Participant: 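Input: one structure, supplied below.
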2 protein chains.
Amino acid sequence: MTAPDRSILKALPPFARLTDAELDEIAATATSRLYCAGMSLYGQGDDAEEFYVVVLGRLRVTQITSTGEQIVVRVVNPGELCGIAHALGRTTYPATAMAVVDSVALAWPTDRWDDIVRRFPSFAQVAMGMIGGRLQEAHARIREMSTEVVERRVGHTVLRLAQQSGKREPEGIRIDFPISKQDLAEMAGTTLHTVSRILTAWEEAGLVGTGRQKLLVKEPHRLLLIADGAEEGLLR
Amino acid sequence: MTAPDRSILKALPPFARLTDAELDEIAATATSRLYCAGMSLYGQGDDAEEFYVVVLGRLRVTQITSTGEQIVVRVVNPGELCGIAHALGRTTYPATAMAVVDSVALAWPTDRWDDIVRRFPSFAQVAMGMIGGRLQEAHARIREMSTEVVERRVGHTVLRLAQQSGKREPEGIRIDFPISKQDLAEMAGTTLHTVSRILTAWEEAGLVGTGRQKLLVKEPHRLLLIADGAEEGLLR
DNA sequence: CGGATTGTTGAGGATACTCAAGTTAGGTGG
DNA sequence: CCACCTAACTTGAGTATCCTCAACAATCCG
C-alpha cells in the first residue's frame, strides 16, 4: 500500500537504466502491493486502470472463452510487466492475472504509461522488447499447436516453463511454484488426462519428477530431443 | 529505389502525427521499393538489416519449422510495420516476408529504429499498439487452437482475414488478393483437405464464394454464428 | 495446348479426446 | 494428532475427429 523505494525499482529491468532522480519521480506515483496466493490483480474485461511490474512471486495470466474453457496465457516472473492493456491499444484487460504464490507488485495508474514511455526511452525500449518476447513465444505456441503431436507440444511447454521460470538445482530444473497438470494442459492445448499420461511416462524414464502441483525437469537435454522430434516419444 | 516524398509517409499511421520537417527527416533515410508478386523482402534467419512499412499491396509472413512444415504468421496490409525484429529484441528475422501481389514498401536501416522511437513518441506509441494488436491476435489463435474444433477455427480465420484485409462489395466481403486453401490451412492449424471440405460445405449453404485462390464472405453474420459455436457446423 | 499448380473427394485409420471410476495427497477442523 | 473432505491426479475403455494417403479434376499461365 506504500510508495516503493527507488532501490526496488532499480533492480527491475524496465527501470535499470534510469537516474536516481528519475527513479524517485516514477516511484512517487507507484503503489506497492502484496497479493496473497489466489488473489487476482485484475480480471478479464475490467477497465484497465493500472499497469504492474512484478517484484516478487509469480502470476498466472488466464483467459476464459465464451464457451467457458480456460487457457493459461502465460506465467509472469519478477521483473516483468503485466496489465499493460493500454499500451496494446485496449481500454479493458484481455485476461485475468492471479498470484499463484504470495507476490509483490508495483502498480501505476494507466494514465502514467504514455508519459513514462515518452520521457524515458529506455523504459519504452525494454517494454517493447518484453512485448516482443511475448509475441515470439505466442508464435512458437501457434507453430507447435499447428504442427506437433501432443507429446512434443507438452515437451516444449515444460521446457519453456523451465527456462523462463525454473530454478537450477542439483537434481535438475525445478518449477518452484505450484503448477497443476490442468495448468500444463491449458498451456499446451490438451487435456489434463493426456498431460498426466505423458508425465507418468517421462517420470518412468527418469526425465522428470512430478507430484501434486510439482514439476522437476531432470534431463532437459533428452526432453529437448523428444520435443524436437529427434527422439521417439515415450507415450504408449 | 528512390527516397519517398513526405506526403507518402504522412498517409501511414505510424507517421500521421509528425510535422513536415520531421517527415522530411525520416523520409531522407528511407528507400522506397517495389516488390513484384512472389518476391521476398527478407528471409527467416537473415540478419535484420532493415525494417519496413508497407505502402501498397499485401505481404504474407511465414515461418518454416525444423521439420519443414510451414505456417502463415500473418498477412501484412498497407500502413503496417514489418521486419521490426530489432524492436522485439532480435538480431535476425524470425520469419520470411513475401509479396503476394505487387507491393510497395518503405525500408529503413535497422539502426534508425532506436533513434526514431526515441525522438518521435507518437511513432513509438503507434508501433507499440500495432505490436499489441499482433499479440492479441496471436492469443486469439492460441485460444482457438486450444479449444475449438476445426470448422470453428477455420471460421474465425476467415472472419479475421475478412476484417483485416477484406474489401466490402455488394455481394459480401472480398479477399482481394490470392489466398490458397493451403494458406488458410496454415493459418488455422489444419490441412488443405479439411479446409477444402469445409469451404465446399459453406459454399453450398451460400455462406461464402470460393475459387482457386479466391474467397468471398457472403454472410459474415451467419459465419460468425458457426465460428462462435452458436450454430451447428455444416460439415458432414 | 501442355505442364504445373491448386483444389476435390473418398476411404481408412491413428491420435487424443470424452467419459468413467477410483486413488492419492494435502489442508482443515475437531 | 488424527479424521475427514476436497482438489488433484491416475488409469482404463471406447470413440469421434481429423489427418494421411491416394487418385483425380479443374484452373491458370506461358
Side-chain angles (χ1 to χ4, degrees), chain A residues 36-38 60 67-72 100-101 144-155 157 175 177-186 188-204 208-216 226 229 232-236, chain B residues 36-38 60 67-72 98 100-102 144-155 157-158 175 177-186 188-204 208-216 229 232-236:
Chain A
C36 297
R60 192 183 49 189
T67 50
E69 284 124 325
Q70 181 174 278
I71 66 157
V72 174
V100 288
V101 292
E144 290 161 16
M145 297 178 76
S146 292
T147 63
E148 297 175 0
V149 297
V150 221
E151 185 170 358
R152 292 180 54 194
R153 243 155 54 212
V154 174
T157 301
I175 311 303
F177 53 91
I179 184 101
S180 69
K181 305 282 185 286
Q182 179 71 40
D183 290 333
L184 289 172
E186 287 172 8
T190 180
T191 61
L192 85 157
H193 310 277
T194 298
V195 169
S196 175
R197 286 183 239 267
I198 290 170
L199 288 188
T200 301
W202 289 350
E203 172 134 54
E204 280 166 8
V208 300
T210 72
R212 188 192 174 89
Q213 299 198 339
K214 281 172 183 38
L215 184 54
L216 172 71
I226 290 176
E232 284 302 300
L234 303 176
L235 197 52
R236 233 7 41 136
Chain B
C36 297
R60 192 183 49 190
T67 50
E69 283 124 324
Q70 182 174 278
I71 67 157
V72 174
M98 180 178 285
V100 288
V101 291
D102 294 351
E144 290 161 16
M145 297 177 75
S146 292
T147 63
E148 297 175 0
V149 297
V150 223
E151 185 170 358
R152 292 180 54 192
R153 245 155 52 211
V154 175
T157 301
V158 168
I175 311 303
F177 54 91
I179 184 102
S180 69
K181 305 283 185 286
Q182 179 71 41
D183 290 333
L184 289 172
E186 287 172 9
T190 179
T191 62
L192 85 156
H193 310 275
T194 298
V195 169
S196 175
R197 286 183 239 266
I198 290 170
L199 289 188
T200 301
W202 289 351
E203 172 133 54
E204 280 165 7
V208 300
T210 72
R212 188 192 173 91
Q213 300 198 335
K214 282 173 182 39
L215 184 55
L216 173 71
E232 284 302 300
L234 303 176
L235 197 53
R236 237 5 41 141

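Lettering of chains follows the sequences in order, A, B, ..., and the numbering in each one begins at 1. Just so it is clear, the structure is predicted and the values come from calculations on it, not from any experiment.
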Participant: How far does the helix from C/dC1-D/dG30 to C/dG30-D/dC1 bend, going by the axes of its first and last five pairs, to the nearest 10°?
Facilitator: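 Here the helix ends are tilted 50° relative to one another.
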Participant: Using whole Å, what does the distance between atom P of nucleotide C/dT8 and atom CG of B/L184 come to?
Facilitator: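 My rounded result for the distance is 11 Å.
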Participant: I'd like to know if the side chain of B/Q182 pairs up with that of B/S180 as donor and acceptor (distance under 3.5 Å, no hydrogens or angles considered).
Facilitator: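 The criterion, which ignores hydrogens and geometry beyond distance, is not satisfied for B/S180 and B/Q182.
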Participant: For C/dC17, does either OP1 or OP2 sit under 4.0 Å from a side-chain N or O belonging to A/T190?
Facilitator: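 A/T190 to C/dC17 OP1/OP2: side-chain N or O found under 4.0 Å.
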Participant: Please round to the nearest 0.5 Å and tell me the distance separating atom CG of A/D183 and atom CD1 of A/I71.
Facilitator: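 Answer for the CG-CD1 pair, A/D183 versus A/I71, is 12.5 Å.
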Participant: Using atom types as modelled and distance alone, determine if a side-chain donor or acceptor of B/R153 lies under 3.5 Å from a backbone N or O of B/E144.
Facilitator: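 No, the answer is negative, given that no donor and acceptor are paired below the 3.5 Å cut-off.
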Participant: Round to the nearest Å and state the distance from B/Q213 atom CD to C/dA4 atom P.
Facilitator: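 Whole-Å distance recorded here is 17 Å.
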Participant: A/E151 side chain to A/L234 main-chain N or O, any donor-acceptor pair under 3.5 Å?
Facilitator: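 It does hold such a pair.
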Participant: Can you tell me how far C1' of C/dG26 sits from NZ of A/K181, to the nearest Å?
Facilitator: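 Spelled out: NZ on A/K181 to C1' on C/dG26 is 14 Å.
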Participant: Can you work out whether B/G189 or A/E203 has the more 5'-proximal nearest nucleotide on DNA chain D?
Facilitator: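 Per heavy-atom nearest nucleotide, the more 5' residue is A/E203.
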Participant: For B/D102 and B/C36, which heavy atoms make the closest approach, and how far apart are they?
Facilitator: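 Looks like OD1-CA, 3.3 Å.
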Participant: Without decimals, in angstroms, what is the distance between A/L235 CG and C/dA14 P?
Facilitator: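 Going from A/L235 (CG) to C/dA14 (P), I get 15 Å.
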Participant: Name the first nucleotide and the last nucleotide along DNA chain D (5' to 3') that come under 4.0 Å of a heavy atom in chain A.
Facilitator: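 Contacts span D/dA7 to D/dA13, reading 5' to 3'.
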Participant: Just the rounded figure in Å: distance from P of C/dA14 to CD of A/E232.
Facilitator: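 From A/E232 CD to C/dA14 P: 15 Å.
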Participant: Nearest whole Å is fine: how far is C/dG7 P from B/I198 CD1?
Facilitator: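 Interatomic distance, CD1 of B/I198 to P of C/dG7: 15 Å.
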Participant: Whole Å only: how far is the CG atom of B/L192 from the P atom of C/dT6?
Facilitator: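 To the nearest whole Å, that distance equals 10 Å.
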Participant: For the side chain of B/R197, counting heavy atoms from C-beta on, which of C/dG7, C/dC17, C/dA11 is nearest?
Facilitator: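 Comparing C/dG7, C/dC17, C/dA11 against the side chain of B/R197, the answer is C/dA11.
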Participant: Without decimals, in angstroms, what is the distance between B/E148 CD and C/dC17 P?
Facilitator: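 Spelled out: CD on B/E148 to P on C/dC17 is 15 Å.
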Participant: If we only count heavy atoms from C-beta on, is the A/R152 to B/T67 side-chain gap below 4.5 Å?
Facilitator: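 Yes, their side chains come closer than 4.5 Å.
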Participant: Could you check if a side-chain atom of B/L215 sits within less than 4.5 angstrom of a side-chain atom of B/L184, using non-hydrogen atoms only?
Facilitator: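 The answer is yes; the side chains approach within 4.5 Å.
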Participant: Given side chains that start at C-beta, do those of B/K181 and B/T210 come closer than 4.5 Å, heavy atoms only?
Facilitator: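 Side-chain contact under 4.5 Å: yes.
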Participant: Sub-3.5 Å donor-acceptor pair from the side chain of B/S196 to the main-chain atoms of B/L192, do we have one?
Facilitator: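 No.
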Participant: Of the candidate nucleotides C/dT8, C/dA20, C/dC17, which contains the atom at the shortest distance from the side chain of A/H193?
Facilitator: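 Nearest listed nucleotide: C/dA20.
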Participant: As a test of reading the structure: which of C/dT9, C/dT8, C/dT18 is closest to the side chain of A/T191, going by heavy atoms?
Facilitator: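 For the A/T191 side chain, the nearest candidate turns out to be C/dT18.
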